[in-house]
Amino acid sequence: MRKPTRSNLASSAVAAVLACMTLIMPISASADAVEDGKKIAFDRKKGNCLACHAIAGGSMPGNIGPPLVAMKARFPDKAKLRAQIWDATAKNANSMMPPFGKHKIISEKEIDKVVEFILTL
Amino acid sequence: MKKFIIAITALGLLGGAVAHAKTNPAKDLKDVRAYFFKKFPGVPLQEYANGIYGVNAGRRVEWESTMEFPPSEPGVDAGKALYNKYKGAFAKCFGNGAGKGMRQNYPKYDAKTGDIVTFEGAINSCLKKNGQKPLGWKKGKLAAMSAYMASTSNGKAINVKVPNNKKALAWYERGKKHFYAKRGQLNLSCANCHIGSAGGQIRGNILSPALGQVSHFPVYRKKWESGGKGVMGGFGTLHRRYGGCNKQVRAKPFKAQSDEYKALEYFHTYMSNGIKVNAPGVRQ
């Protein structure tokens, strides 16, 4: 094996720090993130997820997409959930679901928060 | 925004190139009917003229009570009065019938000019030819008068012809491409909502099937009535509605009577051939 180069080292150091942060931060950040994520998901001008999905706590949902329930069981891999929200057309080219990340409908940070909220369902 | 436009063009070109070799309107018509007959078993063809009320029993009850005294009636009367004012000109342009009982044949491919003539287009070019001022395209006077004229075709089956020549087929293909191409920031095609998800619910809205969607235009909408002026304020032409549906997905709408919307209307109306005109419809 080749010795790691300097930049590799640097980036793995960054990765390590980031990994620590995500270990420490969720406890304080995620309660807020979940609350924010819910607001973004329900806001008609943002996620407007209720337009198509029944979601606990939301009124007048549409029925174009499946009800969002038991999400942790259905998406054990968080990255897969994020990918579905970022660009649903990657999996199903003709999907009705707007590509929230790809078309910058909401920001990357907002997507992260929506993911946190969806995982509580 | 630029990125989306590029993406759409790429998709469009692809769809066009594949489809062009075998543009077959008669087959498309057969396929779309077969699709809906399967999706909504027991709903007869003519029922599709009623939009969401043809496929959703819940909403139908409310609509039927509205239709006992259609809110469009005073506006249709005003449209009729306008029609009588221009009748002389219409007799010269439309010939026998003076524009009455003719709605079902529009839009038309004009072999002389290679252009698509919509009903509103024919009305306005007739006014111009006779030294009158053409009317605004999307709402108000033209929409109300066109709604009255369309109502004189009620009961006649839509009969749009796509002659088998290159230009006419290209118009048709362009409209079809528009209908199936995803567009706007929300990345939705007309077909996503009005074919794939027809009958489904987006928030509080039921989505109407594409089949029959054009039969009752110009339409009278309660939403437009509240923002419009006088008894003619609630009417809108098909191109007004196209603009609204383009905007819903955060796409830039095209101009009323632009080539893009004329092509769309040509394809969209052909799909409803055989369904009887029932204008003006009353919708939310």
Side-chain angles (χ1 to χ4, degrees), chain A residues 37-69 81-111 113-115 117-118 121, chain B residues 1-15 18-19 35 39-40 52 55-59 176-210 245-252 284:
Chain A
K38 181 175 179 177
K39 272 192 210 130
I40 296 159
F42 285 9
D43 185 337
R44 280 168 196 261
K45 297 212 170 80
K46 295 273 186 180
N48 198 16
C49 314
L50 284 168
C52 298
H53 297 282
I55 302 174
S59 57
M60 280 235 304
N63 63 7
I64 305 292
L68 299 182
V69 290
L81 175 60
R82 195 179 193 281
Q84 170 71 28
I85 298 170
W86 199 84
D87 179 17
T89 64
K91 244 177 86 186
N92 167 12
N94 200 31
S95 178
M96 277 284 284
M97 181 158 154
F100 288 95
K102 191 179 175 201
H103 278 195
K104 300 183 168 33
I105 298 166
I106 55 178
S107 72
E108 298 292 329
K109 270 196 193 140
E110 287 171 327
I111 292 179
K113 290 174 176 170
V114 169
V115 168
F117 165 61
I118 297 295
L121 297 170
Chain B
M1 197 65 204
K2 202 164 181 189
K3 213 162 63 197
F4 310 141
I5 292 166
I6 292 166
I8 286 161
T9 322
L11 200 138
L13 284 176
L14 200 81
V18 175
Y35 171 86
K39 191 174 179 86
F40 302 112
I52 65 167
V55 297
N56 187 292
R59 300 285 165 102
K176 181 174 171 183
K177 212 159 46 177
H178 186 110
F179 196 84
Y180 284 97
K182 282 178 165 291
R183 67 186 65 244
Q185 191 183 28
L186 299 188
N187 204 46
L188 289 162
S189 66
C190 316
N192 273 149
C193 285
H194 295 296
I195 291 193
S197 293
Q201 194 174 338
I202 285 208
R203 282 270 184 179
N205 291 310
I206 309 285
L207 293 165
S208 55
C245 277
N246 276 164
K247 275 191 245 169
Q248 275 186 69
V249 299
R250 302 182 192 163
K252 193 168 174 279
Q284 292 191 331

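Note on naming: letters A, B, ... go to the chains in the order of the sequence lines (proteins, then strands), and numbering restarts at 1 for each one. Just so you know, these numbers use all the heavy atoms, side chains as well, and skip hydrogens, waters and symmetry mates. In this text, all values refer to a predicted model and were calculated from it rather than measured experimentally.
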*Interchain contact, A/A88 with chain B, by part (heavy-atom threshold 4.5 Å)*: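 For A/A88, neither part sits under 4.5 Å from chain B.
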To the nearest 0.5 Å, tell me how far [X] [atom1] sits from [Y] [atom2].
X      : Y      : atom1 : atom2 : value
B/H178 : B/R183 : NE2   : CZ    : 3.5 Å
A/H53  : A/I118 : NE2   : CD1   : 8.0 Å
A/E110 : A/F100 : CD    : CZ    : 11.0 Å
B/N205 : A/M60  : CG    : CE    : 8.5 Å
A/M96  : B/L207 : CE    : CG    : 6.0 Å
A/I40  : A/K109 : CD1   : NZ    : 11.0 Å

*Under 3.5 Å, is there a donor-acceptor pair between the side chain of B/K182 and the main chain of A/S95?*
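Pair found, side chain donor or acceptor close to backbone of A/S95.
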*Who in residues 195-203 of chain B is close to chain A, using a strict under-4.5 Å heavy-atom cut-off?*
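B/S197, B/G200, B/Q201, B/I202, B/R203 fall under the 4.5 Å cut-off.
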*Quick one: list whatever passes side-chain contact (heavy atoms from CB on, under 4.5 Å) with A/C52, sequence neighbours left out.*
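Testing A/C52 for side-chain contact (heavy atoms from CB on, under 4.5 Å), a comparison that skips the adjacent residues, returns A/I64.
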_Once side-chain contact (heavy atoms from CB on, under 4.5 Å) is applied, do any residues pair with A/D87, and if so which ones, sequence neighbours excluded?_
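For A/D87, the residues satisfying side-chain contact (heavy atoms from CB on, under 4.5 Å) (neighbours in sequence not counted) are A/T89, A/A90, A/P99, A/K102.
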_Which residues in residues 43-51 of chain A have any heavy atom closer than 4.5 Å to a heavy atom of chain B?_
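Within residues 43-51 of chain A, near chain B: A/R44, A/K45, A/N48, A/L50, A/A51.
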*asked:* Check A/E108 with A/R82, please: is the shortest side-chain N to carboxylate O separation under 4.0 Å?
replied: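 Between A/E108 and A/R82 there is a salt bridge, with a charged N closer than 4.0 Å to a carboxylate O.
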*Is it the side chain or the backbone of B/L186 that comes within 4.5 Å of chain A heavy atoms, both, or neither?*
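Contact with chain A: backbone and side chain both.
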